[in-house]
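Contents: one structure, followed by commentary.
The figures that follow rest on heavy atoms only: side chains count, while hydrogens, waters and symmetry mates do not. So that the names make sense, note that chain A is the first sequence line, chain B the second, and so on, each numbered from 1.
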There are 2 protein chains.
Amino acid sequence: MTDKRGSRATDRTEAIMRTTLELGKEIGYAKLSIEAVAARAGVGKHTIYRRWSSKGALFLDSLLSLNKSDLDYPDTGDIVADLRRQIHAAMDLLDRPPVGPLYRALIGEALLNPQVAAALNDHFITPQAEKTLARLKAARDQGQLSPGFDLDLAMDILSGPLYFRALIVQEPLTHEYVDRVIEALFTGMECRP
Amino acid sequence: MTDKRGSRATDRTEAIMRTTLELGKEIGYAKLSIEAVAARAGVGKHTIYRRWSSKGALFLDSLLSLNKSDLDYPDTGDIVADLRRQIHAAMDLLDRPPVGPLYRALIGEALLNPQVAAALNDHFITPQAEKTLARLKAARDQGQLSPGFDLDLAMDILSGPLYFRALIVQEPLTHEYVDRVIEALFTGMECRP
DNA sequence: ATATCGGAACGGCACGTGCCGTGTTGACAC
DNA sequence: GTGTCAACACGGCACGTGCCGTTCCGATAT
């Protein structure tokens, strides 16, 4: 057994997740069945059930296995520019095919299955939110933001409208829209007459 | 057939929707089956399928049949106070038992079923958004807001963070949090050092 | 007489769980 | 190194269950 190849078990796990994504893109998450994944992957159903407790858990892992591509924040010293860059990148990944529809379905599943919701939060939502908070906190510590700046609220105002449009209203997101949200957060809405 | 009672057909429709909500509260939307609704309502499955095309459609109608209680905006002339009042009321209804968990599940279903998503938008999300837009526009027309005030973006910043916390992060919402969002929108985040 | 109903039964699909025969793995003896 | 072997994970198959969406039938109301 050389170092060149992973163990058989790892190979199978990856093959199953790859097949899950492939089938998910073809027929959508809703119609996806574990039987179909097992059949196409050339794998017994047991092998899937041994590793994942539900279709949602399998799907979550499969999607997370993609995102090794980084959604980290740069730190050029300019908080606004860094936020723009990261949010644009995140949006391009999470709101567009091929990942977009799958991510949307995953959140739908999380709303119906608390276990999936917990796993999604632990392995993606919370870590991602903490990256945002950390970057904002760094900016505040560097004096770019007021000491009283509400980091948590800022996080919600950055993320909330995007999720709202993507998931609820289901209208397309654009970089320009992201920029408007960021501008509203940092320079304020043009509000008083 | 007197005027005092609705037609049999209407009676049955309402009985089915009532049973759907009742069962939904007991076992949750995910475990709800049309068979179970039919059995408890003392109704043939055909009678349900004749009226609704899917479990999601039935559930949507059932939930909407509740909300005749108004989520309309008052107009006291004070836009901030009116927004506070309406959003507090909406949140109390949509984010707390008994409706909260059901509404959350409905959105989950909408994310998995485009037909339900479209119906939810047409019959609830969009009308509600337009109420918000109308109230904001009235305030702008009355000179309480700048002519350049971005109504759509304001709507998203009012709704987005709330949906984000309720659905994604799944943390409890409070009136105080709503107030912070509104304050951030109208008086700005305490941002510049 | 006509339409609608409740109830029962149906074929179909996917679930999650057993069992079986087959390989692969890793420890140990020599 | 070579050979042996127990343990384990595997693919495949079949099973019982639950719910789907549909069809049929006898009863009932208009």
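A:Tyr49 places its OH atom 11 Å from the P atom of C:dA14, with the value rounded to the nearest Å. Note: CD1 (A:Ile27) to P (C:dC13) measures 14 Å, nearest angstrom. One atom, NZ of B:Lys55, and another, C1' of D:dC20, lie 11 Å apart when rounded to the nearest Å. Separating the CD1 atom of B:Ile16 from the P atom of C:dG6 is a distance of 7 Å, rounded to the nearest angstrom. Atoms CG (A:Asp11) and P (D:dA9) sit 16 Å apart, rounded to a whole Å. Going from atom CZ of B:Arg40 over to atom C1' of C:dG6 covers 18 Å, rounded to whole Å.
For D:dG11, one of the phosphate oxygens OP1 or OP2 lies less than 4.0 angstrom from a side-chain nitrogen or oxygen of A:Thr47. Distances shorter than 4.0 Å separate none of the side-chain N or O atoms of A:Arg51 from OP1 or OP2 on D:dA9. B:Arg12 has no side-chain polar atom (N or O) that falls below the 4.0 Å cut-off from OP1 or OP2 of C:dT4.
In plain terms, the two heavy atoms of A:Ala154 and A:Leu136 that are nearest each other are CB-CD1, 4.0 Å. Taking all atoms of both residues into account, the shortest heavy-atom contact from B:Pro98 to B:Lys25 is CB-CE, 3.7 Å.
Side chain to side chain, A:Arg12 and A:Thr47 fail the donor-acceptor criterion of an N or O pair below 3.5 Å.
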Could you pull out every donor-acceptor pair under 3.5 Å between side chains of residues 27-37 of chain A and any protein atom, sequence neighbours left out?
unit_1: A:Tyr29; atom_1: OH; unit_2: A:Glu109; atom_2: OE1; d: 2.8
unit_1: A:Ser33; atom_1: OG; unit_2: A:Ala36; atom_2: N; d: 3.0
unit_1: A:Glu35; atom_1: OE2; unit_2: A:Lys45; atom_2: NZ; d: 3.3

Review item, side-chain donor-acceptor pairs of residues 81-89 of chain B, under 3.5 Å, at least two apart:
unit_1: B:Asp82; atom_1: OD1; unit_2: B:Thr76; atom_2: N; d: 3.4
unit_1: B:Asp82; atom_1: OD1; unit_2: B:Thr76; atom_2: OG1; d: 2.8
unit_1: B:Asp82; atom_1: OD2; unit_2: B:Thr76; atom_2: N; d: 2.8
unit_1: B:Asp82; atom_1: OD2; unit_2: B:Arg135; atom_2: NE; d: 3.1
unit_1: B:Asp82; atom_1: OD2; unit_2: B:Arg135; atom_2: NH2; d: 2.7
unit_1: B:Arg84; atom_1: NE; unit_2: B:Asp179; atom_2: OD1; d: 2.9
unit_1: B:Arg84; atom_1: NH2; unit_2: B:Asp179; atom_2: OD2; d: 3.2
unit_1: B:Gln86; atom_1: OE1; unit_2: B:Tyr73; atom_2: OH; d: 3.1
unit_1: B:Gln86; atom_1: NE2; unit_2: B:Leu71; atom_2: O; d: 2.9
unit_1: B:His88; atom_1: ND1; unit_2: B:His175; atom_2: ND1; d: 3.4
unit_1: B:His88; atom_1: NE2; unit_2: B:Asp179; atom_2: OD1; d: 2.9

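We find the CZ-CD distance between A:Arg180 and A:Glu176 to be 5.0 Å, quoted to the nearest 0.5 Å.
Within 3.5 Å, no donor on the side chain of A:Lys45 pairs with an acceptor on the base of D:dG11, nor the reverse. Remark: the A:His46 side chain and the C:dC19 base include a donor-acceptor N/O pair separated by less than 3.5 Å.
Near DNA chain D, meaning a heavy atom under 4.0 Å from it, residues 28-35 of chain B has B:Ser33, B:Ile34, B:Glu35 in order of number.
You'll find the side chain of B:Tyr103 stays beyond 4.5 Å of the side chain of B:Asp95, heavy atoms only.
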